[in-house]
Structure formats: structure tokens, C-alpha cells
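Read through the structure below, which is laid out as C-alpha cells, and then see the notes.
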Amino acid sequence: MTTTSTPVGKVSVLMIMDEILENVFGDGVSGVDCVIENNHGQSVTYSVVDGQAILVGYGDYHDDTYQRFRHEIKLTPTDLFTANSPRYVLALYPNKELYLVYKTPNPIVATVGSILIILCTTLVFILYDFFVRREFSAHYDLLHAKRQFMRFVSHEVRTPLNAVCMGLGLIQSQLATALGYNSVDEILDIDYNNDTSNNNNNN
């Protein structure tokens, strides 16, 4: 069997894009740009409004701002035609109308709220630590002052009192000697015996 490159026929296919996109989207869908393009640089753009595909113009008129959201569907299989045959691709892009429907500030609000909560919690812990440290410092200062006072009293008061007690003891010893007694204890014994005798006589 021999092959030849001489064309022997021509096959044409009519694609009515309006009919292709007629029942693709639901009635409530709006804000989608549909670009049908082929490998020969030809394209046509439709915009979906309330489920209906409306022709925008021949060429690619989608908003480049939403290029990263491109989603494409191959309308013709790659192995069905020859290398030079046109291959069509349906590219879908959201436009501003659809983007605003699903755009929400909730993530930003949640992030800012979380940061504020963390900052407030941190501030509360810092204030709590500050007041606890201040209370501890006040108790420490009070205890230190108490110790200083006791040390002062012990040194400044007890020492003179010891001197007074020693002086009184010396006077008592001198008085006992002057009265003819050997010690103060001897005078106390005599006084105790006299009190005991008086109690017995009274009974």
C-alpha cells in the first residue's frame, strides 16, 4: 500500500459556540469569562451573565488580573486530526463580578483579631508579672525592715538593759554587805522564812 501527500478531499466542521455554551452554566451563574482559542492564534470571548453566554468579541478579552485562576478544557482530542489541524481549548476565567461574590475579609479580620488577642494576653501576663514582682518586693522590704528593727532593738536596747541589771545586782550586793549579810540570797531566804512563820501563826 502506497501513501501520497496529494490532498484528495476536504473535511469541514461547523462549531456554533453559542450553542456549545448554551447549557453549560446554571441560571444563577455570572462573572465568568469564556475564551475559546485554537493553536492558530484565533480566539473568541464570551461572558456568562445569569447562565447565558454573551459574545464579547473576537479575541481574548478576559481580565489579566485573574490569569492565575485559568482553568481550561480541551474541546478537540490531540490524536484525532493531523498536526496542522486546529485544536480548540475552552479557557475559563473569573472576572471582577464573580470575584467580589466570593471575596471575604474574614481571613484578614480573623488574623488581626488573633494578633490582638495574643497581644492583649501578653500584656495581661506582663502586668500580672509586674504586680506580683512589686508585691513580692514590698513584702521583702517589709521583712527586711522588721529584721533591721529587731536587730536595732536587740543591740541598742538590750545592751543598756544589761548594764542596768548589772548595776542593780551590784547595788544589791553592796546593800547586803552593808547590812551584815553575805549575799542577797541570804536576805531573800530570811524574808521567805518570816513570811512562812507569819502565815503559820495566822492559821
Side-chain angles (χ1 to χ4, degrees), residues 1-140:
M1 180 178 179
T2 60
T3 58
T4 177
S5 60
T6 304
V8 294
K10 181 178 181 181
V11 177
S12 298
V13 178
L14 178 63
M15 298 179 63
I16 304 176
M17 299 302 179
D18 295 8
E19 294 182 358
I20 293 176
L21 299 175
E22 183 175 357
N23 298 316
V24 174
F25 301 96
D27 294 336
V29 177
S30 297
V32 179
D33 291 334
C34 302
V35 180
I36 300 176
E37 54 191 22
N38 60 25
N39 55 341
H40 295 294
Q42 298 173 330
S43 59
V44 59
T45 303
Y46 290 84
S47 182
V48 179
V49 179
D50 294 330
Q52 300 297 320
I54 299 174
L55 178 64
V56 176
Y58 291 94
D60 189 348
Y61 294 103
H62 81 277
D63 191 346
D64 291 335
T65 305
Y66 307 101
Q67 178 67 32
R68 66 183 184 277
F69 298 109
R70 172 187 172 100
H71 182 74
E72 64 177 37
I73 302 172
K74 294 181 180 180
L75 299 178
T76 54
T78 56
D79 57 349
L80 184 61
F81 304 107
T82 63
N84 295 325
S85 299
R87 294 178 177 82
Y88 290 91
V89 175
L90 172 62
L92 303 176
Y93 304 92
N95 57 32
K96 187 176 181 179
E97 183 179 357
L98 181 67
Y99 188 76
L100 291 177
V101 171
Y102 294 99
K103 181 182 179 181
T104 174
N106 289 342
I108 298 176
V109 173
T111 302
V112 173
S114 300
I115 293 174
L116 290 177
I117 290 174
I118 293 173
L119 291 178
C120 291
T121 306
T122 304
L123 180 61
V124 168
F125 277 108
I126 291 175
L127 291 176
Y128 176 77
D129 182 70
F130 170 76
F131 286 115
V132 168
R133 287 178 180 272
R134 190 173 70 174
E135 187 72 15
F136 178 78
S137 178
H139 283 291
Y140 177 79

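Bear in mind that the values here come from a model prediction, so they are computed numbers and not experimental data. All residue numbers refer to positions in the sequence shown, counting from 1. Only heavy atoms go into these numbers, but all of them, side chains included; no hydrogens, no water, no symmetry mates.
No donor-acceptor pair under 3.5 Å is formed between the side chain of T45 and the backbone N or O of V35.
The salt bridge (charged side-chain N to carboxylate O under 4.0 Å, His left out) search around E72 returns R70, not counting sequence neighbours. The side chain to side chain contact (heavy atoms under 4.5 Å, CB included) search around D50 returns S30, not counting sequence neighbours. Among residues two or more places apart in sequence or in another chain, the salt bridge (charged side-chain N to carboxylate O under 4.0 Å, His left out) test is passed with D64 by none. For S47, the side chain to side chain contact (heavy atoms under 4.5 Å, CB included) test picks out D33, V49, V56, N95, with sequence neighbours left out. Scanning for ring-ring contact (aromatic ring centres under 6.0 Å, His included) contacts around Y61 gives an empty result, with sequence neighbours left out. For the side chain to side chain contact (heavy atoms under 4.5 Å, CB included) test, residues two or more places apart in sequence or in another chain that qualify with H139 are E135. Not counting sequence neighbours, R68 has no partner by the side chain to side chain contact (heavy atoms under 4.5 Å, CB included) test. In this structure Q42 satisfies the side chain to side chain donor-acceptor pair (under 3.5 Å) test together with N38, sequence neighbours excluded. Qualifying salt bridge (charged side-chain N to carboxylate O under 4.0 Å, His left out) partners for R133, counting only residues two or more places apart in sequence or in other chains: D129. Partners of F69 under the ring-ring contact (aromatic ring centres under 6.0 Å, His included) rule, at least two apart in sequence or in another chain, do not exist in this structure. Considering only residues two or more places apart in sequence or on other chains, T104 meets the side chain to side chain donor-acceptor pair (under 3.5 Å) condition with N106.
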If you look only at distance, which donor and acceptor atoms sit under 3.5 Å apart when one is on a side chain in residues 118-128 and the other is two or more places apart or in another chain?
unit_1: T121; atom_1: OG1; unit_2: I117; atom_2: O; d: 2.7
unit_1: T122; atom_1: OG1; unit_2: I118; atom_2: O; d: 2.7

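In plain terms, the two heavy atoms of L98 and P94 that are nearest each other are CD2-CB, 3.7 Å. Of all the heavy atoms in Y66 and K96, the pair that sits closest is OH-CA, 3.4 Å.
With rounding to the nearest 0.5 angstrom, the CD1 atom of I36 is 11.5 Å from the CG atom of D60. Between L90 atom CG and E37 atom CD the span is 9.0 Å, to the nearest 0.5 Å.
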